[in-house]
Amino acid sequence: MNVLVINCGSSSLKYQLINMNDESVLAKGLAERIGIEGSVVKHQAEGKEKVVIEEPMKSHKEAINIVLKSLVDPVYGAVKSLEEIDAVGHRVVHGGEKFAGSVKITDEVVNAMKECTDLAPLHNPPNIIGIEACKELLPNVPMVGTFDTAYHQTMPEVSYIYPLPYELYKELGIRRYGFHGTSHRYVAERAAALTGKDLKDLKIITCHLGNGASVTAIKGGKSVDTSMGLTPLEGLVMGTRCGDIDPAITTFLMNKKNMSAADLDNLMNKKSGVLGISGVSSDFRDIEEEAEKGNKRAQLALDKFDYTVKKYIGSYAAAMGGVDVVVFTAGLGENSKDNRKEICSGLEFLGITIDDEKNNTRGKEALISKDNGSVKVFVIPTNEELMIARDTQLLSK
Ligand code: ADP
């Protein structure tokens, strides 16, 4: 069975065609600048040269059309005909309280997704456009939706409720939802497999540290707390997002600087985080380079990031009454030994250790804690596409 996994952003579309017999990637690629000038698809099939297709793409439907043509192209394609695409799995950002797992897409499901749009106005609309475009182009192929929020629907009330008037939760759905669920779920399952234990018997803290970053507490195989909230702005310091701040800063800035809601959204989502502190970049590699040259604000940004992750690990160990496994994943988690070391230093009292030699690794699965450390610390590259493909296979039968 071949599953096409689609991840639609506002002007981009990532895809992978996965052969579920051996979970190998037959082709993958990225359509960029959809709806704007200079649109392009970068496509690569297994064992073939990468191709760059420059063609105008006014809409996601046109982009998906080009992707489908690329997949069956006699020269650079991966399959002979579209008949070989057996199912499509879509990433959907926000499932609100309606979706606690992946679902087969029907008209009712699409309507329910639309009802969650208020909660993710930037993300859900392109996800839904992608689904509708696929439905038109591949009308007989079953489709499945996998939600970033679904995994965290197991959080207990005490984790997800905000200390605001309870009516706001009932009326507007203002509560904590959490994101990156597919990634946290994947690495937690891999961590259990690597330790040879059942997920049910483990307390795991997963740290998804990329441009967007979140930490999740997973007890007995269930997400019991996570650092992102109503939106992906809460929690850790991120590339450009501020994470946890005193909420009164917003009203303070509105009064002092006459800022509007849109100004604040922009400030907190696009101009803050390590970019805001360092003034250098949102990319950790640039900041590390500057810090090495003696740039104090760059160093402060890195220190603040690491310190915040450390605090979350400590608090989640407390929330779960202990921790057996810590996992680092995503761009920074998979690649930066310095940040991993800094985050874990001082956590020896919890049994969390780093073996410098083992930690000298990047981009592959590795156990990086000391042999005598009671907590196993892993680097595990995430694979959200595979998780979506597995759910799609399961649900499209
Ligand atoms: P997202 O999917 O959220 O955009 P990724 O998981 O791809 O992000 O992570 C991207 C981030 O990972 C980049 O901002 C970069 O700072 C960081 N990163 C990647 N490689 C390294 C590295 N070798 N050292 C430090 N940071 C890295």
Side-chain angles (χ1 to χ4, degrees), residues 9-12 93-94 119-123 148 162 174 176-180 183 207-216 226-316 328-346:
S10 54
S11 67
S12 71
V93 169
H94 219 306
L119 296 167
L122 298 180
H123 292 101
D148 274 29
Y162 283 117
I174 296 181
R176 307 183 62 256
Y177 293 94
F179 297 85
H180 292 145
S183 175
C207 308
H208 177 111
L209 310 178
N211 232 325
S214 65
V215 182
T216 296
T226 192
S227 58
M228 284 176 167
L230 174 74
T231 74
L233 183 59
E234 190 181 340
L236 302 178
V237 178
M238 301 179 222
T240 60
R241 290 175 235 164
C242 59
D244 300 331
I245 58 169
D246 181 341
I249 292 170
T250 52
T251 44
F252 184 83
L253 283 172
M254 282 168 141
N255 292 329
K256 278 277 175 199
K257 292 210 165 231
N258 204 18
M259 289 174 90
S260 66
D263 294 337
L264 281 168
D265 248 351
N266 191 41
L267 178 92
M268 294 190 293
N269 279 294
K270 304 257 169 74
K271 300 208 165 122
S272 300
V274 288
L275 168 70
I277 298 176
S278 69
V280 171
S281 164
S282 62
D283 193 301
F284 284 85
R285 286 162 290 198
D286 301 337
I287 302 171
E288 278 171 17
E289 210 178 296
E290 275 299 304
E292 270 163 34
K293 287 188 209 150
N295 182 328
K296 289 214 167 66
R297 271 174 57 188
Q299 188 59 52
L300 179 61
L302 294 175
D303 291 347
K304 181 76 183 177
F305 176 84
D306 293 338
Y307 177 65
T308 313
V309 182
K310 191 198 302 279
K311 284 209 297 188
Y312 265 100
I313 293 175
S315 67
Y316 285 171
F328 288 100
T329 193
L332 185 77
E334 290 165 28
N335 292 300
S336 173
K337 64 177 190 313
D338 294 343
N339 282 280
R340 291 192 298 254
K341 177 160 182 170
E342 202 47 52
I343 289 164
C344 291
S345 84

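Counting begins at 1 with the first residue of the sequence. These numbers come from a predicted model, not from an experiment.
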Trainee: Mind checking whether Met268 and Ile245 have side chains closer than 4.5 Å, heavy atoms only?
Mentor: yes
Trainee: Evaluate side chain to side chain contact (heavy atoms under 4.5 Å, CB included) for Thr231 paired with Asn269, printing each intermediate quantity in order.
Mentor: CA-CA 10 Å; Thr231 74; Asn269 279 294; 5.8 Å; no
Trainee: Any donor-acceptor pair under 3.5 Å linking the side chain of Asp244 with the backbone of Gly235?
Mentor: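 Yes; judged by distance alone, with no hydrogens or angles, the pair exists.
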Trainee: Under 3.5 Å, is there a donor-acceptor pair between the side chain of Tyr162 and the main chain of Leu230?
Mentor: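 Yes: the side chain of Tyr162 pairs with the backbone of Leu230.
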Trainee: Apply side chain to side chain contact (heavy atoms under 4.5 Å, CB included) to residues Arg297 and Val280 and explain how you reach the verdict.
Mentor: CA-CA 9 Å; Arg297 271 174 57 188; Val280 171; over 6 Å; no
Trainee: Are Ser345 and Lys310 close enough that some pair of their side-chain heavy atoms sits under 4.5 Å apart?
Mentor: yes
Trainee: Is it true that a side-chain atom of Tyr316 and a backbone atom of Thr226 form a donor plus acceptor pair closer than 3.5 Å?
Mentor: yes
Trainee: Atom CZ of Phe305 and atom OG of Ser336: how far apart are they, to the nearest 0.5 Å?
Mentor: 8.5 Å
Trainee: Does Asn255 reach the main-chain N or O of Thr251 with its side chain, forming a donor-acceptor pair under 3.5 Å?
Mentor: yes
Trainee: Could you walk me through whether Phe179 and His94 pass side chain to side chain contact (heavy atoms under 4.5 Å, CB included), step by step?
Mentor: CA-CA 8 Å; Phe179 297 85; His94 219 306; 3.7 Å; yes
Trainee: With no hydrogens and no angle check, is any side-chain donor or acceptor of Lys304 less than 3.5 Å from a backbone partner on Val274?
Mentor: no
Trainee: Which label fits His180 and His208: parallel for a plane angle under 30°, tilted from 30 to 60°, or perpendicular past 60°?
Mentor: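 If you compare the ring of His180 with that of His208, the planes turn out parallel.
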Trainee: Checking the side chain of Arg241 only, and the main-chain atoms of Glu234 only, is there a donor and an acceptor separated by less than 3.5 Å?
Mentor: no
Trainee: With distance as the sole test, does Ser272 use its side chain to make a donor-acceptor pair with the main-chain N or O of Leu267 at under 3.5 Å?
Mentor: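 Yes, the answer is positive, given that a donor and an acceptor are paired below the 3.5 Å cut-off.
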Trainee: Nearest 0.5 Å, what's the CD-OG distance between Gln299 and Ser278?
Mentor: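 Spacing of CD (Gln299) from OG (Ser278) equals 11.0 Å.
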Trainee: Decide yes or no for Lys257 and Phe252: does some side-chain heavy atom of the first lie under 4.5 Å from some side-chain heavy atom of the second?
Mentor: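 Result no, sub-4.5 Å side-chain heavy-atom pair not found.
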Trainee: Any salt bridge linking Arg285 with Glu288? Criterion: basic side-chain nitrogen under 4.0 Å from a carboxylate oxygen.
Mentor: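 Here Arg285 does not pair with Glu288 in a salt bridge, since their nearest N and O are not under 4.0 Å apart.
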Trainee: Answer yes or no: is there a side-chain heavy-atom contact under 4.5 Å between Val309 and Cys207?
Mentor: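 Answer yes - side chains close enough.
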Trainee: Using 0.5 Å steps for rounding, measure from the OG atom of Ser282 to the NZ atom of Lys271.
Mentor: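 Rounded to the nearest 0.5 Å, the OG-NZ separation comes to 13.5 Å.
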Trainee: Hey, is NZ on Lys341 packed in by over 12 heavy atoms from elsewhere, all under 6.0 Å?
Mentor: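 No - once you tally the heavy atoms of other residues, nucleotides and ligands closer than 6.0 Å, there are 12 at most.
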Trainee: Has Asp265 got a side-chain atom pairing as donor or acceptor with Ala262's backbone, closer than 3.5 angstrom?
Mentor: no
